[in-house]
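This report refers to the structure that appears directly beneath it.
Every number for a ligand or one of its atoms is a count from 1 in the order of the listing.
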Amino acid sequence: MSDLDQAIEQLRGCRLIPESQVRELCYKARELLIEEGNVVSVDAPVTICGDIHGQFHDLMELFRVGGDVPDTNYLFMGDFVDRGFYSLESFLLLLCLKVRYPDRITLIRGNHESRQITTVYGFYDECIRKYGSANVWRYCCEVFDYLALGAIVLGASSTLEPTSNTALSSMPADSELETESLNSRGEVMMSTYRPRQRSSSDASTDSRNISPPRDISAAPGQAAAPSRSGAPGTGASGDGNGSATTSRTGAVLCVHGGLSPLIDSVDKIRLIDRKQEVPHEGAMCDLLWSDPDEIEGWGLSPRGAGFLFGGDIVKQFNHLNGLSLVARAHQLVMEGYKEMFDGGIVTVWSAPNYCYRCGNVAAILELGEDASGGGTVARSNGEYGRSNGIVTDNRVISPGRRYRVFEAAAQDTRGMPAKKPVADYFL
Ligand SMILES: [Mn+2]
């Protein structure tokens with residue numbers, strides 16, 4: 001067994017590795033991360049996770065529910081540390097897995113992966129307490145500086161294979177499964193459907209360019225098929241556009257916080273000089289700090305960093321970049337996940353019973369692989385295919401989304417709960 005495999009074993013048991021090994025691990029991790037772009041490309045299938053915040057035992061529960069690395073591909077959207085009592089064990093385990101299986105696990109940066117924030121919210125103190133000096137904290141912070149700012153998931157399937165026959169039998173006619181919500185026992189708690197997408201061959205003879213998106217795929221009487229209101233994603237409720245390439249799943253952008261008024265394309269994220277402490281303002285700061293909100297346009301954030309952004313902003317960003325969905329973390333959601341703006345953005349939160357007292361459940365989001373073949377859609381990574389003032393075939397279908405909801409790990413051996421509620425827990 002290699003040193004790395006042994007370190008993984010040890011950390012899985014919630015036992016720390018020696019400082020010298022942490023130093024070596026962080027060095028190797030940095031070498032890997034330095035090669036990654038600001039926006040990592042990730043192929044489906046992948047399981048997307050939100051905030052962990054040092055809740056090690058819940059991270060173990062996450063792996064139990066979602067599958068182990070490397071059997072399952074994971075994308076963690078930051079905030080590995082602070083708040084919980086096991087930031088070190090959680091982050092070092094994830095880092096070990098990254099170094100051991102670089103193509104199986106993607107880590108992007110959260111606003112807590114910062115010197116300034118970790119000094120205030122627990123990780124620094126934990127390092128001092130467990131290692132007796134700030135060395136390990138310093139090694140980890142150097143790794144933080146190299147974490148990617150976002151990821152683009154390509155090649156996700158637009159539909160879900162139903163988990164159970166029950167889901168199949170309750171599926172409306174001429175519709176397909178769009179989202180499923182499962183509990184930690186794998187039982188389907190909720191399903192949503194949308195009208196069946198026309199295949200690209202059906203569409204190839206249709207030369208119309210229709211804007212705004214219009215659903216012509218459902219025959220009269222079948223239009224009521226979706227079991228929830230609103231078209232998911234951008235134009236996802238049907239293909240009225242007529243391009244042979246339209247009925248492909250749009251890419252999914254994953255960031256910790258959200259959008260920035262300084263960033264109108266995925267390409268602009270790629271231009272940021274990210275290898276630094278998280279700045280107090282600017283594009284990099286916004287990506288890690290912003291939140292979606294029921295407003296129009298941009299608003300000031302009560303966090304004091306980043307911005308609030310409305311559904312119109314999300315819709316336009318997704319459209320211009322060939323995206324069907326923005327997946328982000330950063331905000332506590334009592335139900336573990338929350339879709340907003342007709343499914344244009346989703347918050348995924350993976351720290352159950354946050355701070356050992358919030359009483360929330362957690363979730364992870366599974367995106368399946370597009371089995372129809374043909375590889376990924378190049379235009380979906382924001383490179384081209386944008387509207388140049390003319391509405392082209394920019395409409396994309398949102399991926400099928402399977403949420404696995406889970407509760408805090410049983411057998412709470414996590415030590416004392418926080419003595420005092422922390423006032424600004426939303427940070
Ligand atoms: Mn956050």
Side-chain angles (χ1 to χ4, degrees), residues 38 48-56 58-59 62 74-87 90-91 94 106-124 126 140-141 143-145 147-151 253-260 263 269 274 277-293 299-309 326-338 340 345-358 360 362-365 418 421-427:
N38 291 347
I48 299 170
C49 311
D51 295 34
I52 300 299
H53 281 302
Q55 299 187 195
F56 177 83
D58 301 319
L59 177 60
L62 185 157
Y74 280 99
L75 197 169
F76 286 88
M77 298 190 289
D79 279 11
F80 314 109
V81 300
D82 282 343
R83 303 296 193 183
F85 298 122
Y86 301 92
S87 292
S90 305
F91 181 64
L94 290 172
T106 303
L107 308 175
I108 66 177
R109 193 172 191 174
N111 61 307
H112 277 266
E113 277 69 61
S114 135
R115 289 167 187 78
Q116 205 178 351
I117 298 293
T118 51
T119 308
V120 178
Y121 293 101
F123 182 52
Y124 176 85
E126 186 184 321
C140 290
C141 289
V143 174
F144 294 163
D145 287 342
L147 290 169
L149 304 180
L253 175 69
C254 303
V255 289
H256 178 72
L259 303 180
S260 166
I263 298 283
I269 304 176
R274 79 168 191 270
E277 171 72 353
V278 182
H280 292 129
E281 56 182 19
M284 178 166 160
C285 169
D286 297 344
L287 294 168
L288 272 56
W289 279 93
S290 294
D291 298 301
D293 196 16
L300 287 178
S301 171
R303 296 178 190 265
F307 291 87
L308 302 176
F309 54 97
V326 174
R328 46 90 61 175
H330 195 41
Q331 272 177 305
L332 172 63
V333 184
M334 292 307 285
E335 297 76 26
Y337 72 95
K338 182 185 182 185
M340 292 172 75
I345 193 166
V346 62
T347 300
V348 180
W349 182 266
S350 304
N353 195 26
Y354 180 42
C355 294
Y356 312 119
R357 63 176 183 85
C358 284
N360 61 290
I364 51 179
L365 164 58
V422 192
D424 48 349
Y425 68 87
F426 55 81
L427 275 171

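- Side-chain N/O atoms of His256 and Glu113 include no donor and acceptor closer than 3.5 Å.
- In this model, no donor atom of one side chain and acceptor atom of the other lie less than 3.5 Å apart for Gln55 and Ser90.
- With sequence neighbours left out, the side chain to side chain donor-acceptor pair (under 3.5 Å) criterion links Thr347 to Arg328.
- The N, O or S atom of His330 lying closest to the Mn ion (ligand 1) is ND1.
- Closest approach between the Mn ion (ligand 1) and any N/O/S atom of His256 involves NE2.
- For Asn111, the nearest N, O or S atom to the Mn ion (ligand 1) falls under 2.8 Å.
- Shown here are the side chain to side chain donor-acceptor pair (under 3.5 Å) partners of Ser350, two or more places apart in sequence or in another chain: there are none.
- One of the N, O or S atoms belonging to Asp79 lies under 2.8 Å away from the Mn ion (ligand 1).
- In this structure, Phe144 and Phe123 have tilted ring planes: the angle between them lies in the 30° to 60° band.
- Taking backbone and side-chain atoms together, His112 has no N/O/S atom less than 2.8 Å away from the Mn ion (ligand 1).
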